[in-house]
Every structure is written in structure tokens, then in C-alpha cells.
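Scroll down for the structure; my scribbles are underneath it.
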Amino acid sequence: MTCHTFASSGPLRGSMGIPGDKSISHRALMFAGLAVGRSTITGLLEGEDVLATAAAMRQFGAQISRGPDGAWTVDGAGVGSLLEPRTALDMGNSGTSTRLLMGLVASHAITATFVGDASLSGRPMKRVIDPLMQMGAGIEATSGGTLPLMMRGANPAVPITYRLPVASAQVKSAVLLAGLNTPGITRVIEPVPTRDHTERMLAGFGAQLEVSEEQGERVIAIHGEADLKPMDVTVPGDPSSAAFFMVAASLVPGSDLVIRNVGLNPTRAGLLTILRQMGADITEIDSREVGGEPVADLRVRHANLTGIAVDPAIAPAMIDEFPVLFVAAALAKGTTRTSGLEELRVKESDRLAAMAAALTLAGARVEEHEDGLTIHGTGGDPLPGTPPGEHVATRLDHRIAMSMAIAGLVSRDGVSIDDTAPINTSFPTFMNLLAEAAR
Ligand code: S3P
């Protein structure tokens, strides 16, 4: 465990790049690994979660290497031709790797074992086990429906129409990936839209996929026994990583920061909308498209934020950004109320409990409810900070660590966190970029 204290900082200034999008990086490796021929990926996020996906795809038979220029080359194994892994697949902290790769295994005649760290081993897998078993896979997990689990894929698998019981891009993607090697058409019905990177990128790799709307719900249909063609993918910057700097520059007086190349897919851009509703000063510069995704540079200047009631309907479009939004709320004028956030309890940690405890320890006024937090902001005054000798518990959760690092920048006595190591799962350059921007 690497303990660290984040002290109050001067203004964040200059122009910074951010690492590649985590969701898109996982998918780029998986789909390239399923194509026949050579794909290249530029801008891949080289965080632990994505490297776990790369290691698993190698075990399935894809050849993956990183060039000296940072571009990755993938020679795919082909849909239907995955090899059986020789050892257990170590998914580390990564729910996305686990759930999407379970989808891949489900329709191949191979057996695979999935293991992970203490955080991942507490997360619910029944949400993917259920549809994948309906498609014919055999799956043995713990009695609580968690890792470690062993699965035997079905070949041929059975196409299903699956209506998502929870708004989850991971569950949607697991079923669609299983559908790639399943005869016929596999359909997923989404009552609430979630991030659509799988749909966008699979179409780019040549999969036959149709998206339609029926009675106000999104229906995604994938044609099975697909032949994926190799492709060159450019990964845009991760809006979930940019989020920490958007909030930091909004909160620290005198800040004027440009964050370059931020992915602004509407299914991911909820934090931008909510920060603007709170009074943030964020402008989009040079809006463009990168790798089939909308992207812009964001210029973020300090602003006085005001608390709001956050519409729960926006939650899927900013599901990973609530921890850092709670920090913004703790410094805003007035009260911020959030609701409809039950899913936050089953992320890398219980993010409602973890952030309520962390912000309270740093001196914020927070009430925890079953489905959200109510936060009474300081109106811009710094938080007191963590008491001497006490540390925020990060609970193996990168986003708790980084959110509380930002809280430290706007604290009187600094915020000490018990472990910075989880940051490496999604944002290995965070500490350096923070030091540079707040120099
Ligand atoms: C992700 C989907 C979301 C998100 C996670 C990445 C993805 O999870 O929280 O960080 O890449 O599909 P859920 O599907 O559990 O909402």
C-alpha cells in the first residue's frame, strides 16, 4: 500500500493530454483479436485493466505486441477459432475484461477459468451468467455468483433476445460478443441506453449489426458466425479520466486548463452537462471525430459552482464520474442531491459508502441514502482535510483514490489516502499529470 497526502494546490494551467479511453481500449484489443489479419491500435490505454485484456486475448491465440512508437499490433485469431487458455485468466481489478471475455468464451467450445483481485471477486457476475447460460454456456461460480468462476462455452450456442434487467454496457456487450459466434441473430433490448462503443466499433470491424428503436427502447441485433476484418483504430482520450481534471480546474481558483482530445460520445458526456448546470465554465474547442467517436479539447476555467438535484436519468452517461462529482458538490454553494445510483454500490467498491466515508473524513457534510448521496457544499471554502494520522480508505478503487486526490487540492490540511496503487488500473500517468498541471 502506497499512502500519499494530496495538499492544496495553486491554479491548474496549461494544456494537457489524457490517456486513451478504457472502454474503447478493451474493445479494440478484443475485436482486433477476433479479426482475421493485422490491426493496429494507436492511443491504447496502457493501464493494468487493459493489459489484463491483452494477456487474455494472447491466451485465446491472438498475437499482440507494442511497437517502439507506442502503437499496438494485433494479429487476430478469428471468430470461432479461439484457443483454450492453458492457465486461469487473471482479470485483476477489471470488471469490463471479465464480463466481456465471458461473452466471448460463451459461444466457443473452450473451457476457461476467471480469477481476480479481492474487489473484483466481490462483484456480481450473475448479470452475465444468466444470459450466457440461456445461450448454452455452462458456468460454475461461487454460491454468491462471483469469481472465481469456470465456464465451458457452447458450440453452437443458441441465439437469444435479451432485455437488460440493469442498465449495463458490460452485460449488453457480453451478449453481443457471444452472438458473434452464434448461428442466427442475437438481440439485446436496452430500456435505458448505455455507452455504445461496442456497437460503433463492431460495425467498423465489419460485423453485421442493426440498431433500431421499438417502443422507446433500443434494440441491437447482431448477425452471428461473423467474419471480422482487421482495422486501424485510434483511441480517443478517456472522458472518465478527463473528469478529475475538469473538476479540479473548476474548483481551484485561478485555473485555466485545456484538456486535449476528450471523447464526448453522448453516452459518456453526462458529467459535462451536470457541471455546466452547476455553473462550470467549460468550452469545447475544435470538435471533431476520432476513431468514429466525437472528440473535442476542453478549456476549463475556475467557476463558483452551485448545488443542484441531479436528474437520475443522466446516470448511465456518467456512471463512473459520480465519485468526482461528489467532490465538486462538496465545494459548491448549497446542496446537491443524487438518486437512482444503486449501481454505484457494485462498482470496484461500494462507491456511495466509500465516498460518503471519504468526504466525511475530509470534513465535508454528507448524507448517505440507499440510492445516492446528499451533499451540503462549503460554497467554495476549502475542506478541512483528513485529521492527522488518518487516511481515506480507497478500497481497491482507482476512482475513489483519484477523486479524493482532487479533494486534497481544495483542502486546508491536505487529504491523505491509504493507497495510490489502484490508480494504475485506469490512469497510470495521473500523478505526473496532476503535478504538471498544478505546478
Ligand atoms: C463499462 C461499463 C460500465 C462502467 C465501466 C466500463 C464498459 O459498467 O462502469 O467502468 O466498458 O462497458 P456497467 O456495465 O457495469 O455499468
Side-chain angles (χ1 to χ4, degrees), residues 166-168 191-195 239-240 242-252 266-282 300 302-385 392-393 395 397 399-400 402-411 415:
V166 278
S168 166
V192 183
T194 63
R195 65 189 68 194
S240 301
F244 302 105
F245 290 92
M246 288 161 65
V247 170
S250 296
L251 294 182
V252 177
T267 62
R268 298 284 300 282
L271 179 70
L272 186 56
T273 305
I274 293 300
L275 286 177
R276 282 177 172 154
Q277 284 177 15
M278 295 174 78
D281 179 355
I282 306 177
V300 189
H302 168 259
N304 295 316
L305 303 185
T306 307
I308 59 165
V310 178
D311 180 357
I314 204 164
M318 56 176 291
I319 196 66
D320 293 334
E321 284 66 78
F322 280 97
V324 79
L325 174 71
F326 296 148
V327 175
L331 272 290
K333 179 166 170 251
T335 299
T336 297
R337 293 172 212 281
T338 58
S339 57
L341 303 180
E342 297 85 349
E343 273 295 300
L344 292 196
R345 296 205 182 271
V346 292
K347 295 295 179 188
E348 286 83 330
S349 69
D350 174 343
R351 287 181 173 162
L352 294 180
M355 284 306 296
L359 282 171
T360 302
L361 188 68
R365 284 170 56 216
V366 182
E367 291 148 30
E368 183 183 344
H369 314 288
E370 206 40 59
D371 68 337
L373 300 185
T374 297
I375 299 176
H376 308 283
T378 62
D381 293 339
L383 294 170
V392 163
R395 309 187 189 196
D397 189 333
R399 299 203 197 280
I400 304 300
M402 289 186 277
S403 299
M404 292 312 294
I406 302 307
L409 304 185
V410 284
S411 69
V415 167

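Just the heavy atoms: all of them, side chains too, but no hydrogens, waters or symmetry mates, feed the values below.
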> Which pairs with one or both residues in residues 351-366 pass side-chain hydrogen bond (donor to acceptor under 3.5 Å, both in side chains), sequence neighbours excluded?
Replying inline: E348-R351, R351-D397

> How far does CG of D311 sit from OG1 of T338, to the nearest 0.5 angstrom?
Replying inline: 12.0 Å

> Does the side chain of V324 reach to within under 4.5 Å of the side chain of M402, using non-hydrogen atoms?
Replying inline: no

> With no hydrogens and no angle check, is any side-chain donor or acceptor of R276 less than 3.5 Å from a backbone partner on I282?
Replying inline: yes

>> Checking Q277 now: which residues fulfil side chain to side chain donor-acceptor pair (under 3.5 Å) with it, not counting sequence neighbours?
In response: none

>> Minimum heavy-atom separation for V247 and A328, please, with both atom names.
In response: CG1-CB, 3.9 Å

> Taking all non-hydrogen atoms of both residues, which atom of A356 and which atom of E368 are closest, and how far apart?
Replying inline: CB-OE1, 3.8 Å

>> Minimum heavy-atom separation for V392 and A358, please, with both atom names.
In response: CG1-CB, 3.6 Å

>> Just to verify, what does F326 make a ring pair (Phe, Tyr, Trp, His ring centres under 6.0 Å) with, not counting sequence neighbours?
In response: none

>> Any heavy-atom pair between the side chains of L352 and E370 that's under 4.5 Å?
In response: no

> Are the side chain of T378 and the backbone N or O of L383 linked by a donor-acceptor pair below 3.5 Å?
Replying inline: no

> Any side-chain donor-acceptor pair under 3.5 Å between H369 and T374?
Replying inline: yes

>> Nearest 0.5 Å, please: how far is CD1 in I308 from CE in M278?
In response: 6.0 Å

> Measuring from S168:OG to E343:CD, what's the distance to the nearest 0.5 Å?
Replying inline: 6.5 Å

> Rounded to the nearest 0.5 Å, how far apart are OG of S250 and CG of L305?
Replying inline: 5.5 Å

> Side-chain contact, heavy-atom cut-off 4.5 Å: L344 with D371?
Replying inline: no

>> Set out, in order, the CA-CA distance, both residues' side-chain angles and the distance that settles side-chain contact (heavy atoms from CB on, under 4.5 Å) for L275 and M246, then state yes or no.
In response: CA-CA 9 Å; L275 286 177; M246 288 161 65; 4.1 Å; yes

>> Is it the case that over 12 heavy atoms from other parts of the model lie below 6.0 angstrom from the CG atom of D281?
In response: yes

>> Before you tell me yes or no, could you show the steps for T273 and M318 under side-chain contact (heavy atoms from CB on, under 4.5 Å), namely the whole-Å CA-CA distance, both residues' side-chain angles and the distance that decides it to 0.1 Å?
In response: CA-CA 10 Å; T273 305; M318 56 176 291; over 6 Å; no

>> Between N304 and K333, is the side-chain contact (heavy atoms from CB on, under 4.5 Å) condition met? List the steps.
In response: CA-CA 8 Å; N304 295 316; K333 179 166 170 251; over 6 Å; no

> Do you know the tightest heavy-atom contact between A243 and L271?
Replying inline: CB-CD2, 3.5 Å

>> Could you report the tightest heavy-atom contact between P316 and P312, atom names first, then the distance?
In response: CD-O, 4.2 Å

> Can you name the closest pair of heavy atoms from F322 and V310 and give their distance?
Replying inline: CE2-CG1, 4.3 Å

>> Please evaluate residues H302 and V252 with respect to the criterion side-chain contact (heavy atoms from CB on, under 4.5 Å), reporting the C-alpha separation (whole Å), side-chain torsions for both, the decisive distance (0.1 Å), and the verdict.
In response: CA-CA 6 Å; H302 168 259; V252 177; 5.9 Å; no

